[in-house]
> 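Below: one structure in structure tokens.
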Amino acid sequence: MRDSYPRTLVRLTFANPASLVYLGLVAIAALPMVFASATTDSSFAPLWVLLLTAPTSMILLLPDFANGDSGLAFGYFLAALALAALLHSFLIGLGYRALRRNAMQQGRTTT
């Protein structure tokens, strides 16, 4: 029985070890952003999250529609980071599934 499309999407994004490791790294890298208000200089807090989600986050952050430090600009920034992390997790899941299928097919043909 084949899975439905939304279930496959969720499975590829969240239910494989490679995607979970990536999302865990992104969550750990986001911790300085959570605690940035307690420090005096929080300008480098999102650096690691930006590096982990690049190049997608850089493309999503190109449109600068809100000037200044408004809540809308910060919300867009966080949404772009989250969307980039989820997209990367999905792509990692696709690669993981392709590698597992390829390894299983090679295992069947050699034995």
> Quick check: is Tyr76 connected to Leu50 through a chain of hydrophobic side chains (ILVMFWY, heavy atoms under 4.5 Å apart)?
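Yes: a chain of side-chain contacts under 4.5 Å links Leu50 to Tyr76.
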
> Side chains of residues 86-97: which donor-acceptor partners sit under 3.5 Å, not counting sequence neighbours?
| from | atom 1 | to | atom 2 | distance (Å) |
| --- | --- | --- | --- | --- |
| His88 | ND1 | Tyr22 | OH | 3.2 |
| His88 | NE2 | Thr56 | OG1 | 2.6 |
| Ser89 | OG | Thr13 | O | 2.5 |

> Starting at CZ of Phe77, measure out to CG of Leu60 and round the result to the nearest 0.5 Å.
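These two atoms lie 11.5 Å from each other.
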
> Might you point out which heavy atoms bring Ser57 and Leu81 nearest each other, and give the distance in Å?
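Distance-wise, the nearest heavy atoms are CB-CD2, 3.9 Å.
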
> Who passes side chain to side chain contact (heavy atoms under 4.5 Å, CB included) against Leu51, sequence neighbours left out?
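Expected list: Leu47, Trp48.
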
> Is it the case that one hydrophobic cluster holds both Leu23 and Leu83, taking links as side-chain heavy atoms less than 4.5 Å apart, direct or via other members?
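No; Leu83 is not reachable from Leu23 via cluster members.
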
> Can you check side-chain contact (heavy atoms from CB on, under 4.5 Å) on Val10 and Tyr5, steps first, answer last?
CA-CA 9 Å; Val10 169; Tyr5 183 71; over 6 Å; no

> Hey, can you pull the donor-acceptor pairs under 3.5 Å for the side chains in residues 26-35, sequence neighbours left out?
none

> What pair of heavy atoms forms the shortest contact from Leu61 to Ala80, and how long is it?
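That would be CD2-CB, 3.7 Å.
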
